[in-house]
Amino acid sequence: MQYLSTRGGDAGRSFEDVLLAGLAPDGGLYVPEEWPSFPKGEWRGLRNLSWGGVAAMVMKPFVGDFLTGQELHALVEDAQATFHHAATTPLKQLDDALFLLELFHGPTLAFKDVAMQILARMMDIALMRRGQHVTIIGATSGDTGSAAIEAFRHSKRVSIFILHPHERVSPIQRRQMTTVDAPNVHNIAIEGDFDDCQALVKAMFNDAPFRQRMNLAGVNSINWARILAQVIYYATSALALGAPDRALCYVVPTGNFGDIFAGYVARQMGLPIDRLVVATNVNDILHRALTAGEYRVQGAVQPTTSPSMDIQVSSNFERLLFDALERDPARLRALMGQLGQSGGFSIPDDARAFIRQLFASGRADEEAVRATIRDIHEKTGEIVDPHTAVGLAVAREHIAPAHMVVSLATAHPAKFPDAVQAATGVRPALPAHLADIMEAEERFSVLPADLQKVEEFISANVQQA
Ligand SMILES: *Cc1c(COP(=O)(O)O)cnc(C)c1O
């Protein structure tokens with residue numbers, strides 16, 4: 001399988017190339033040349049396999065000769081071992097037609113662990129073969145940083161530096177990053193806000209001599225390997241609920257459009273997914289785009305109780321648009337140019353029709369999130385986090401009698417104890433493996449929001465081969 005850039009400036013790349021590159025050099029996102037698909041009979045055969053077995057089969061057509069099926073299987077099982085549930089991503093039935101897909105049993109209690117644990121192991125193999133080291137830098141307001149640190153803490157070929165805004169990350173989220181004791185892990189608390197952290201990371205990537213000297217790499221949600229790894233749980237859950245002989249609808253709490261795009265990939269591969277429902281909080285550019293056809297930035301980001309979905313634009317939407325525009329890079333470039341210059345564009349009619357065949361959307365404001373957490377607790381006894389509640393609030397609007405609905409549970413409620421307690425009166429307890437996190441020793445360096453100071457710190461602390 002070869003990969004090409006959505007903007008038309010790169011093609012013929014291997015899986016290993018796109019795994020290490022992240023973003024394409026022309027600013028586009030990598031997508032496979034074509035969507036592999038399994039006939040129904042083959043999907044039925046997968047019902048008898050373990051989670052790791054399904055994972056290997058689903059990912060194999062995309063990785064080419066990077067790994068054999070057996071190597072993939074072993075890699076996935078090694079990643080699975082970091083999870084604290086025997087089913088890895090269990091389904092929980094809430095009512096007749098509604099299921100929760102729990103993706104938060106990994107080391108940092110959010111769905112990003114699934115893909116990050118797999119990505120880190122793949123990167124290690126690629127770097128080993130190439131005899132290379134990389135420096136991963138990233139900015140985080142919470143989930144991504146801790147998932148990346150946990151995933152790369154044992155890597156011998158990666159140094160990782162995560163910037164977070166000093167004293168502006170919740171204590172649990174900070175401690176998930178700063179209590180990791182590994183020589184290649186570095187936490188930098190920036191005297192500033194999340195935007196300052198992001199601006200510093202961007203400036204470092206734009207500093208070509210620094211980028212080359214440090215061999216910088218990114219692991220944000222545009223990395224194709226992360227999306228691919230997320231296809232696994234669409235497949236395992238659909239098979240468990242009767243696919244390919246029964247159609248399903250998925251509701252996905254959405255920020256950067258990475259997780260739901262994995263659902264699109266699953267459907268391209270032949271799973272009978274009838275509907276993919278985008279669930280947004282009040283930062284609702286996607287909901288507005290899908291209902292009114294205008295993809296347009298509107299004002300500043302509004303902070304909510306589901307901070308991992310507080311976004312202004314959704315980077316991975318570009319991948320869907322590319323298909324919706326019949327894979328014409330010139331049309332895509334024109335729209336992306338308008339987004340950069342004037343903050344938005346109208347989705348052309350043909351593309352809009354393509355998207356609406358499969359996608360629907362809904363939006364939940366803070367009151368709806370609170371009411372949903374409370375109501376789910378009263379009716380089912382389950383405690384859900386605010387991100388999951390955005391999905392459930394939207395799921396309840398979209399349940400049609402003929403449909404089984406799977407709503408993705410993206411974070412553990414104990415990660416957001418204040419919002420959960422405010423809605424239910426119950427303070428969710430951290431799982432046993434994190435019970436001592438509030439006492440463990442923290443390690444981080446406080447630095448000013450100053451590019452030179454941060455670059456000096458990274459140069460001084462990076463592990464050189
Ligand atoms: C990152 C994240 C999301 C959003 O996922 P995208 O792939 O960016 O759409 C939703 N919920 C939680 C808990 C997250 O960490």
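None of the values given here were measured: they were computed from a predicted structure. In each ligand, atom 1 is the first atom listed, and ligand 1 is the first ligand listed. The figures here come from the full heavy-atom set of this structure, side chains too, leaving out hydrogens, waters and symmetry mates.
Among all non-hydrogen protein atoms, the one lying nearest atom 2 (C) of ligand 1 is K112 NZ, 2.5 Å. The protein non-hydrogen atom at the shortest distance from atom 7 (O) of ligand 1 is D259 N, 2.9 Å. Taking atom 6 (P) of ligand 1 as the reference point, the nearest protein heavy-atom neighbour is N256 N, 3.5 Å.
Heavy-atom contacts of P253 reach the following atoms of ligand 1: 4 (C), 10 (C) (cutoff under 4.0 Å). Close approach of ligand 1 to M309 is summarised as follows: ligand atoms under 4.0 Å from at least one heavy atom of the residue are 10 (C). For ligand 1 and A411, the ligand atoms under 4.0 Å from any heavy atom of the residue are 13 (C). Residue-ligand proximity, D143 to ligand 1, at heavy-atom distances under 4.0 Å covers atoms 12 (C), 13 (C), 14 (C), 15 (O).
Considering both main-chain and side-chain atoms, S221 never comes within under 3.5 Å of ligand 1 through any nitrogen or oxygen pair. At least one N or O atom of F257 sits closer than 3.5 Å to an N or O atom of ligand 1. Looking at ligand 1, you'll find an N or O of G255 within less than 3.5 Å of one of its N or O atoms. Checked by distance only, ligand 1 and T254 stay at 3.5 Å or farther apart across all their nitrogen or oxygen atoms. Of the polar atoms of G258, at least one N or O is found under 3.5 Å from an N or O of ligand 1, judged by distance alone.
Inter-residue side-chain proximity for M116 and T108 is flagged as unmet; no heavy-atom pair is nearer than 4.5 Å.
The local environment of CD in E326 is sparse, with at most 12 non-hydrogen atoms from other residues, nucleotides or ligands closer than 6.0 Å.
Identified under the side chain to side chain donor-acceptor pair (under 3.5 Å) test for residues 14-26, with sequence neighbours left out: S5-D26, S14-D17, E16-R130, D17-R130.
For the pair R319 and D323, the salt-bridge criterion is not met [side-chain N within less than 4.0 Å of a carboxylate O].
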Practice problem: Step by step, work out the salt bridge (Lys or Arg N to Asp or Glu O under 4.0 Å) result for D385 and K415. | Solution: CA-CA 8 Å; D385 101 289; K415 221 169 169 172; over 6 Å; no
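When each of F15, Y30, W224 is checked for a ring-ring contact (aromatic ring centres under 6.0 Å, His included) with F62, only W224 meets the rule.
For T410, heavy-atom contacts with ligand 1 shorter than 4.0 Å involve the backbone as well as the side chain. With a 4.0 Å cut-off on non-hydrogen atoms, F111 touches ligand 1 through its side chain and not its backbone.
For H387 and S306, the side-chain atoms include no donor-acceptor pair closer than 3.5 Å. Side-chain contact, Y264 with N316: no donor N or O sits under 3.5 Å from an acceptor N or O. Q230 and R226 share no donor-acceptor pair across their side chains, judged by distance under 3.5 Å alone.
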